[in-house]
Amino acid sequence: MREHGRRLRRTTEVEDLLRLHAPQVLGALVRRYGHFDAAEDAVQEALLAAAGQWPESGVPDNPRGWLIKVASRRLTDALRSDQARRLREEKAAALTPRDAFTAPPPGPDRAPSEDDTLTLLFLCCHPDLPPPAQIALTLRAVGGLTTAEIARAHLVPEATMAQRISRAKQRVKGTRFGRPDHWEERLPAVLHTLYLIFNEGYTATSGASLQRAELAGEAIRLARTVHRLLPGDCEVTGLLALMLLTDARRAARTGPHGELVPLDEQDRGLWDKAAIEEGVALVTRALSQRRPGPYQLRAAIAAVHDEADSPDSTDWHEILGLYDVLVHLVPSPVERLNRAVAVAMVHGPKAGLAELNALAPELTAGHRLDAVRAHLLERAGDPEAARAAYESAAAKTLSLPEQRYLRARAARLQDIT
């Protein structure tokens, strides 16, 4: 049993190491050989080989060099197997300065280039790709996840995810490897992609589990990497703070049987105090620059929740003020729905319901409008209407824990009416 535990720890350590090196190895290959799609396949094969060998044989002295060597060999074999492609490579190489594709040789004295990670994020968030493809390609190329892992996380067949990734790689085929011109314009797409990955991990849109911790953790890891590379960007800092402050509540969000526990019923002693302290420090530093953006404001709202000792001590007036600024910057229905909750907490449930009525024409899809309406109707003393709204919300969500929670609330009100 003890040996089994040691083997599991070794496997976990190897997986963490591989995810750290994956984008750096891919960047080295693409700079040296070109062909993002073929290089990415070769890197995945090298990662799989390392995952199978290193837990038993031990991690080599220069793991990054080992991965580059194995991936280069796989890529070279793949290129040589295609005669036409090889000839095109030779012709292109003859017309291109030698240093254009040259990466410094791997070695223990060369520090890993984390800038490759940011370059790959820009490539994966190419404007020609739809958001689902950006997410899948980011998780595979930058996160180092296999196609099977990404498919499991999104509850789709592996073949479906493989096609999605393959099409995405074809769309970016031929794109120059390097930070794109006007890269600042693409940074919001990178942050949005990481935000979507985190949200899917924190509250899964479908399936038997409320959360997918591996996705949320991967989004936080990648956000940390971007923050290390762009520490002066307030929105990058805000996004990392938002993830940390939100994920800090993860342990308290589900009960012993995986059931959903709403925020005002959570055991705050289970919240991750270290993550909260780090998140608060980050968002405080970002907001001190006086260039507030959506991620900073969302993080500030999360910080107000996390710093409250109890639901009753939550400063809803401050939260409403932050939402007022946020919806001015991002007047989306989702942000306005969240603001309606704050309005209800400050001015009463009827005021919140009035906000919802104005939003109804814009929020016809999904279950959140009905769920919020049910909660406010219950607080307003209308159990029959609240029960109907809970049942309507339960019928619209694909998340089994949310379905069970909403139906339980409806059943409780059934007893009252």
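All residue numbers refer to positions in the sequence shown, counting from 1.
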ask   = Could you walk me through whether Ser72 and Leu29 pass the side chain to side chain contact (heavy atoms under 4.5 Å, CB included) check?
value = CA-CA 7 Å; Ser72 297; Leu29 259 68; 3.7 Å; yes

When rounded to the nearest 0.5 angstrom, what distance separates [atom1] in [X] from [atom2] in [Y]?
X      : Y      : atom1 : atom2 : result
Leu297 : Leu287 : CG    : CG    : 6.5 Å
Thr147 : Ile165 : OG1   : CD1   : 4.0 Å
Gln134 : Thr138 : CD    : OG1   : 7.0 Å
Glu40  : Leu137 : CD    : CG    : 7.0 Å
Arg32  : Ile68  : CZ    : CD1   : 6.5 Å
Ile197 : Leu222 : CD1   : CG    : 6.5 Å

Heavy-atom pair of closest approach, residues [X] and [Y]:
X      : Y      : value
Lys169 : Phe36  : CG-CE2, 3.9 Å
Ala302 : Thr246 : CB-OG1, 4.3 Å
Ala344 : Arg379 : O-NH1, 3.7 Å
Leu47  : Ala22  : CD1-CB, 4.0 Å
Ala252 : Gln266 : O-CG, 3.4 Å
Ala208 : Pro401 : O-CG, 3.4 Å

Residues in side chain to side chain contact (heavy atoms under 4.5 Å, CB included) contact with [X], at least two apart in sequence or another chain:
X      : value
Glu391 : Arg387, Ala410
Asp324 : Leu320, Arg339
Thr175 : Leu123, His126, Val172
Ala393 : His367, Asp370, Ala371, Leu406

Pairing of [X] and [Y] as salt bridge, 4.0 angstrom limit:
X      : Y      : answer
Lys396 : Glu402 : no
Arg404 : Glu259 : no
Arg336 : Glu355 : no

Hey, are the side chains of [X] and [Y] touching, using non-hydrogen atoms and a 4.5 Å cut-off?
X      : Y      : value
Leu398 : Thr205 : no
Val70  : Glu45  : no
Glu200 : Leu196 : no
Gln289 : Thr237 : no
Val280 : Ile276 : yes
Tyr33  : Thr76  : yes
Val372 : Leu337 : yes
Leu67  : Val43  : no

message = Regarding Ser310 and Arg268, do their side chains bring together a donor and an acceptor under 3.5 Å, going by distance alone?
response =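 Ser310 vs Arg268: no donor-acceptor pair found between side chains.
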
inquiry  = For Thr397 and Gln403, which I'm curious about, is there any donor-acceptor pair between the side chains at under 3.5 Å?
reply    =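 Gln403 and Thr397 do not have a side-chain donor-acceptor pair below 3.5 Å.
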
Name all residues meeting the salt bridge (charged side-chain N to carboxylate O under 4.0 Å, His left out) criterion together with [X]; count only those two or more places apart in sequence or in a different chain, and write none if there are none.
X      : value
Arg186 : none
Glu335 : Arg298
Glu185 : none

Residue pairs passing the ring pair (Phe, Tyr, Trp, His ring centres under 6.0 Å) test where at least one lies in [range], sequence neighbours excluded:
range            : answer
residues 261-284 : none
residues 202-248 : Phe198-Tyr202
residues 283-319 : Tyr195-Tyr295, His305-Trp316

Is it true that a side-chain atom of [X] and a backbone atom of [Y] form a donor plus acceptor pair closer than 3.5 Å?
X      : Y      : answer
Arg164 : Pro132 : no
Thr314 : Pro311 : yes
Thr225 : Arg221 : yes
Gln211 : Ala204 : no
Gln44  : Arg140 : yes
Ser392 : Ala388 : no

task = With side chain to side chain contact (heavy atoms under 4.5 Å, CB included) as the test, would you mind laying out the steps for Leu230 and Leu187 before giving the verdict?
result = CA-CA 10 Å; Leu230 300 172; Leu187 182 60; 4.0 Å; yes

inquiry  = Suppose the criterion is salt bridge (charged side-chain N to carboxylate O under 4.0 Å, His left out): which pairs have a residue in residues 270-285, not counting sequence neighbours?
reply    =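 Matches after skipping sequence neighbours: Arg224-Glu278.
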
Where at least one partner belongs to residues 233-257, residue pairs that pass salt bridge (charged side-chain N to carboxylate O under 4.0 Å, His left out), sequence neighbours excluded =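 Listed by first then second residue: Asp247-Arg250, Arg249-Asp306.
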
ask   = Run the side chain to side chain contact (heavy atoms under 4.5 Å, CB included) check on Trp183 and Thr119 step by step: do they pass?
value = CA-CA 9 Å; Trp183 62 269; Thr119 300; over 6 Å; no

inquiry  = Pair Thr193, Cys124 - check side chain to side chain contact (heavy atoms under 4.5 Å, CB included), show working.
reply    = CA-CA 9 Å; Thr193 297; Cys124 293; over 6 Å; no

task = Take Glu378 and Arg412 through the test salt bridge (Lys or Arg N to Asp or Glu O under 4.0 Å) and record every step on the way to the result.
result = CA-CA 11 Å; Glu378 185 177 357; Arg412 186 171 60 81; 2.5 Å; yes

